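All values reported here derive from a predicted model rather than from experimental measurement.
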Amino acid sequence: MNNVDQILETAQERAEDMGLPYKGALLPSEAHAVLQAMPEARIIDVRCRAELDWVGRVPGAIEVELLAYPGMRPNPGFLDQLSSQIADDTVLLFICRSGGRSDQAATLMSQNGFTDCYNILEGFEGDKDKHGHRGQQSGWKAAGLPWIQG
């Protein structure tokens with residue numbers, strides 16, 4: 001078994017332990033390793049446009065808002081917008097700010113026939129630190145993984 005297989009197996013066990021309705025749950029560093037080893041895998045960033053513009057982006061991510069700013073209204077076209085950009089058997093790694101919306105997106109896509117959905121735990125910015133700031137102690141940015149501003 002190679003490293004990426006071990007990572008995916010761990011993610012699947014983690015999802016089962018957490019009672020999640022999709023295939024797996026990855027830590028940010030694990031998600032990055034999967035993307036490096038499996039160029040066909042896709043990272044799906046479901047944050048709103050304002051977050052992408054003001055906080056930063058993951059290079060190469062497919063960006064489809066799950067909730068639209070302002071008001072964080074559900075995007076009624078989410079499923080169609082994302083489905084038009086991917087194949088049914090693509091390994092999908094969902095990310096948002098802290099892991100909540102990406103959990104919803106992984107669940108939705110799993111319910112609609114996409115069988116290889118993984119949530120990136122901690123998200124792009126992770127939890128707030130003791131000063132109320134994100135992006136310092138957990139998440140994609142804090143792990144030092146590739147990202148760009150605006």
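Using modelled atom types, one side-chain atom of E51 and one backbone atom of C48 make a donor-acceptor pair closer than 3.5 Å. Under the 3.5 Å distance criterion, the side-chain polar atoms of E122 are left unmatched by any main-chain donor or acceptor of D127.
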Tell me, with the steps shown, if Q12 and Y118 meet side-chain hydrogen bond (donor to acceptor under 3.5 Å, both in side chains).
CA-CA 9 Å; Q12 292 164 16; Y118 293 81; 2.8 Å; yes

Evaluate side chain to side chain contact (heavy atoms under 4.5 Å, CB included) for F114 paired with I86, printing each intermediate quantity in order.
CA-CA 10 Å; F114 292 84; I86 56 173; 3.6 Å; yes

Is there a side chain to side chain contact (heavy atoms under 4.5 Å, CB included) between L8 and E30? Walk through the geometry before answering.
CA-CA 8 Å; L8 293 175; E30 294 170 337; over 6 Å; no

List the steps and the verdict of side chain to side chain contact (heavy atoms under 4.5 Å, CB included) for R97 and V55.
CA-CA 9 Å; R97 181 185 64 194; V55 179; over 6 Å; no

One pair to check against side chain to side chain contact (heavy atoms under 4.5 Å, CB included): F94 and I120. What are the steps and the verdict?
CA-CA 6 Å; F94 292 91; I120 301 175; over 6 Å; no

Under the salt bridge (Lys or Arg N to Asp or Glu O under 4.0 Å) criterion, do R47 and E125 qualify, and how do the steps go?
CA-CA 11 Å; R47 293 176 296 148; E125 294 182 274; 5.2 Å; no

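Placement of V34 and L145 within a single hydrophobic cluster is found when ILVMFWY residues are connected by side-chain heavy-atom separations under 4.5 Å, directly or transitively. The hydrophobic cluster containing W140 also contains M38, counting ILVMFWY residues as joined when their side-chain heavy atoms lie under 4.5 angstrom apart, directly or transitively. Linking Ile, Leu, Val, Met, Phe, Trp and Tyr residues whenever their side-chain heavy atoms come within less than 4.5 Å places F124 and L26 in a single cluster. Under the 4.5 Å side-chain heavy-atom criterion for Ile, Leu, Val, Met, Phe, Trp and Tyr, I7 and Y22 are members of distinct hydrophobic clusters. Each of L27 and L35 belongs to its own hydrophobic cluster when Ile, Leu, Val, Met, Phe, Trp and Tyr are linked at side-chain heavy-atom distances under 4.5 angstrom.
To the nearest 0.5 Å, atoms CG (D116) and CZ (R42) are separated by 15.0 Å. With rounding to the nearest 0.5 angstrom, the CD1 atom of I43 is 9.0 Å from the NE2 atom of H32. In this structure, the separation between CD1 on I95 and CG on D45 is 6.0 Å, given to the nearest 0.5 Å. In this structure, CE in M72 is found 8.0 Å from CD in E65, a value given to the nearest 0.5 Å. In this structure, D80 CG and Q85 CD are separated by 11.5 Å, a value rounded to the nearest 0.5 Å. One finds the CG atom of L52 at 11.0 Å from the CD atom of Q149 (value rounded to the nearest 0.5 Å).
No option in D103, L93, L20 other than D103 meets the side chain to side chain contact (heavy atoms under 4.5 Å, CB included) test with N119.
Under the 4.5 Å side-chain criterion, counting only non-hydrogen atoms from C-beta, P28 is not in contact with K141. The closest side-chain heavy-atom distance from C117 to S110 is below 4.5 Å.
For the residue pair A15 and G24, the shortest heavy atom distance occurs at CB-CA, 3.5 Å. For the pair P76 and P74, the tightest heavy-atom approach, listed with the atom from each and the gap, is CD-O, 3.1 Å. In plain terms, the two heavy atoms of S98 and G126 that are nearest each other are CB-O, 3.9 Å. Closest approach of S84 and Q81 over heavy atoms only: OG-O, 2.9 Å.
Residues passing the side-chain contact (heavy atoms from CB on, under 4.5 Å) test with E16: none are found, sequence neighbours excluded.
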